[in-house]
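Proteins come first, then strands; the chains are lettered A, B, ... in the order of their sequence lines, and each starts at number 1. Keep in mind that the numbers below use all heavy atoms, side chains included, and drop hydrogens, waters and symmetry copies. Keep in mind that this is a model prediction, so the values were computed, not measured.
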Protein chains: 2
Amino acid sequence: MTVTLADVAARAQVSPATVSRVLNGNYPVAATTRERVLKAVDELDYVLNGPASALAAATSDLVGILVNDIADPFFGIMAGAIQSEIGGPGGRAGGERLAVVCNTGGSPERELTYLTLLQRQRAAAVVLTGGAMEDAAHQAAVAAKLRRLSEAGTRVVLCGRPPAPETGAVALTFDNRGGGRELTEHLLGLGHRRLGYIAGPRERTTTRHRLEGHRAALVAHGIEEDPRWTVHGRYDRQSGYEATLELLRRDPSLTAVVAANDSVALGACAALRDSGLRIPDDVSVAGFDDLPFSIDAVPALTTVRLPLAEAGARAGRVAMGREEAPAGGIATVRGELMVRGSSGGPRG
Amino acid sequence: MTVTLADVAARAQVSPATVSRVLNGNYPVAATTRERVLKAVDELDYVLNGPASALAAATSDLVGILVNDIADPFFGIMAGAIQSEIGGPGGRAGGERLAVVCNTGGSPERELTYLTLLQRQRAAAVVLTGGAMEDAAHQAAVAAKLRRLSEAGTRVVLCGRPPAPETGAVALTFDNRGGGRELTEHLLGLGHRRLGYIAGPRERTTTRHRLEGHRAALVAHGIEEDPRWTVHGRYDRQSGYEATLELLRRDPSLTAVVAANDSVALGACAALRDSGLRIPDDVSVAGFDDLPFSIDAVPALTTVRLPLAEAGARAGRVAMGREEAPAGGIATVRGELMVRGSSGGPRG
DNA sequence: AGTCGTGCAGCAAGCGCTTTCTACACAGCG
DNA sequence: CGCTGTGTAGAAAGCGCTTGCTGCACGACT
């Protein structure tokens with residue numbers, strides 16, 4: 001039924017070994033022979049059997065990219081950049097690799113299962129993107145898996161995720177703490193003293209780091225934080241909307257709202273507008289990430305730009321062994337404060 | 001070095017065959033034996049060798065999802081929905097499948113190469129999303145590949161993509177033409193008579209269909225279209241910005257701008273604002289797709305909602321054989337007009 | 001002219017798993 | 001007490017490919 005190497009070999013009047021060598025191009029084959037083989041491949045419409053090949057060669061051309069939410073451009077942009085460096089078809093790299101992105105949906109179990117699946121496929125590399133869960137048991141489980149993957153020769157890279165010590169994984173970590181701090185300092189510099197903070201889900205490293213940066217800025221300015229000023233939510237627009245209403249209810253005198261990310265900030269803007277408040281005249285708003293749509297908000301969003309594409313590209317190259325890993329296996333990627341129209345001095 | 005089935009068998013004091021059967025659970029194994037095997041698996045930290053398994057069983061648990069641009073939520077949302085139905089880890093489905101999304105970047109070659117790669121892996125199913133290239137040669141090549149895939153037992157589903165006759169592929173097609181027509185009719189109903197249109201890239205089916213719908217509406221209302229009113233661009237924000245300036249330059253008397261999609265519409269809004277025009281007082285704007293951020297534009301975007309998640313979910317189920325394919329292998333998915341603040345009656 | 005590279009091609013042994021077919025108990029039956 | 005049926009485990013033959021090693025020409029040496 002399906003065409004095999006042997007069929008091609010028979011048609012080209014050579015041994016299967018020769019066909020294999022022509023296809024892999026890692027062994028001298030006479031030009032005329034090669035031609036003959038290629039012709040046969042073409043005529044027979046032969047397609048290599050991936051599993052068989054992977055089994056025999058004990059290697060695979062699969063590269064896995066794990067993302068928390070594929071519908072979120074934050075991950076989409078990174079994944080795209082990673083993938084373009086992985087080579088994938090048409091990429092810079094020579095060998096054709098199947099770069100595949102796996103959507104964990106933020107679920108720890110899924111993350112683990114995908115890791116196992118990739119381990120099963122003997123993936124050439126795995127890139128994990130975005131914040132990690134802070135659950136200790138889960139982190140240990142992931143660390144164990146990563147270690148096992150590394151040991152098996154799979155290159156493991158973390159992109160926008162905190163380092164995983166002793167796992168052999170290379171980490172390109174976003175400086176969420178520093179970015180959060182810088183952002184809040186900007187607001188403080190404008191004169192704001194009562195700032196609401198809409199944090200992401202509790203058990204995420206990203207959430208914690210950004211919040212820590214925010215608080216560090218407050219502390220540095222001698223501002224005592226009111227516990228009512230922090231609300232936790234999800235990383236999406238609706239959550240930002242609801243959280244903002246909640247913040248407003250708790251303390252209507254807030255003059256600024258700092259959001260966990262840009263989507264949340266957009267929701268916050270909508271909530272403020274619906275509450276009859278002007279931005280930034282009545283309340284300033286700040287986001288995080290600087291996703292493409294942030295500049296289109298009205299007013300444009302003040303936020304922290306994360307070099308998603310650059311970091312992803314670098315992660316991709318490291319995963320392919322095309323770029324050296326940073327010293328110590330850890331690099332910190334800094335964000336850049338983008339001051340735009342959504343932040344201004346407090347009213348009065 | 002790596003643990004194999006045989007190792008597990010030895011430790012559990014059974015034959016490799018038994019271990020395999022325990023793992024696959026498709027053959028009666030005594031409870032006590034099963035326990036023993038499972039214990040050994042656990043102790044040895046055994047992970048099945050995917051390629052070997054796929055080779056022996058002549059099947060694979062890989063499902064491919066092709067998208068044009070992974071950074072675009074349009075595709076992200078569909079991919080996420082598809083993937084959640086595919087089962088993936090933690091999904092509804094029993095068997096664990098590796099649902100992988102492949103980013104073609106809109107390149108025909110990449111699309112073809114990914115298809116070959118998936119064919120190589122003997123993928124269980126393949127879902128192609130989004131518009132297709134209109135290049136005849138490429139379409140023929142893709143059709144040939146799809147046919148071959150179907151014949152080899154891979155289920156092929158097109159989601160938001162026009163049907164591919166004679167390939168055995170099931171198609172869930174978006175009614176881009178109808179949506180485009182409805183949208184423009186809405187604008188005409190408001191009294192607009194001079195409408196600019198920012199189309200997507202020329203060689204895409206989606207582009208053509210939406211434009212055809214737009215023109216059909218114009219024709220139905222007896223409006224003769226000025227060739228200056230149409231500009232082609234890419235499906236992104238910047239393109240929308242530039243195209244709008246161009247439209248304005250060509251004919252400053254336009255009272256409405258219809259965009260190829262929401263991102264383009266956002267760019268159009270920015271360009272209009274930067275040109276000192278108010279929306280919708282001076283110029284109305286309409287998008288397409290109704291991505292999550294569209295409602296946050298100021299004013300909120302009038303657009304056509306495409307049930308991306310629903311269509312994706314359905315495509316996923318069909319790909320898994322969990323839902324029957326529509327009659328004739330083709331279903332048309334309609335959009336829904338969402339009238340919001342960005343459209344209003346023309347000035348004057 | 002004899003000998004030794006050198007360049008290419010083939011042989012055959014797996015890679016780690018699945019699955020058919022066979023084998024063996026043991027229980028139930030006449 | 002022998003026979004068949006049922007439930008469970010094992011032996012072994014591949015799945016389609018890669019690759020170390022062997023083998024054979026042929027030209028280039030001495």
Is there a side-chain polar atom (N or O) of Asn24(A) under 4.0 Å from OP1 or OP2 of dT18(D)? yes
Check this for me: does any side-chain nitrogen of one of Glu151(B) and Lys145(B) sit under 4.0 Å from a carboxylate oxygen of the other? no
- request: State whether the side chain of Asp61(B) and the backbone N or O of Leu98(B) hold a donor-acceptor pair below 3.5 Å, judged by distance alone.
  value: no
task = Please work out if Ala30(A) contacts a base, only the sugar-phosphate, or nothing of the nucleic acid, heavy-atom cut-off 4.0 Å.
result = sugar-phosphate
Of Ala31(A) and Pro16(A), the one whose closest nucleotide on DNA chain C sits nearer the 5' end is Ala31(A)
When rounded to whole Å, the CG to C1' distance for the pair Asn49(A) and dG16(C) reads 14 Å
Using a heavy-atom cut-off of 4.0 Å across all strands, would you classify Ala57(B) as base, sugar-phosphate, or nothing? sugar-phosphate
Closest to the side chain of Thr4(A), out of dC17(D), dT18(C), dT20(C), is dC17(D)
Exercise. Any side-chain N or O of Ser15(A) under 4.0 Å from OP1/OP2 of dG10(C)?
Worked result: yes
Result for 5'-nearest mapping on DNA chain D, choosing between Leu55(B) and Thr18(B), is Thr18(B)
note: Tyr27(A), atom OH; dC8(C), atom P; distance rounded to Å ~ 10 Å
Separation of dG16(C) atom P from Asp7(B) atom CG, nearest Å, is 9 Å
Rounded to whole Å, the CG-C1' distance (Leu5(B) to dA12(D)) equals 15 Å
To the nearest angstrom, the CG-P distance between Asn26(A) and dT18(D) comes to 9 Å
| query | Can you find a donor-acceptor pair, distance only, under 3.5 Å between Arg21(A) side chain and dG20(D) base? | reply | yes
Practice prompt. Indicate yes or no for a side-chain donor-acceptor contact from Arg120(B) to the backbone of Val47(A) under 3.5 Å, with no hydrogens or angles considered.
Written response: no
Using a strict threshold of under 4.0 Å (side-chain N to carboxylate O), is an ion pair present between Glu324(B) and Arg314(B)?
no
Please answer whether the main-chain N or O of Asn49(B) pairs with a side-chain N or O of Ser53(B) as donor and acceptor at a distance below 3.5 Å. no
Taken to the nearest whole Å, CG/Leu23(B) to C1'/dT18(C) is 12 Å
In whole angstroms, the gap separating C1' of dG16(D) from CD of Gln119(B) amounts to 15 Å
5'-most contact on DNA chain D (nearest-nucleotide basis), Pro28(B) vs Ala56(B), goes to Pro28(B)
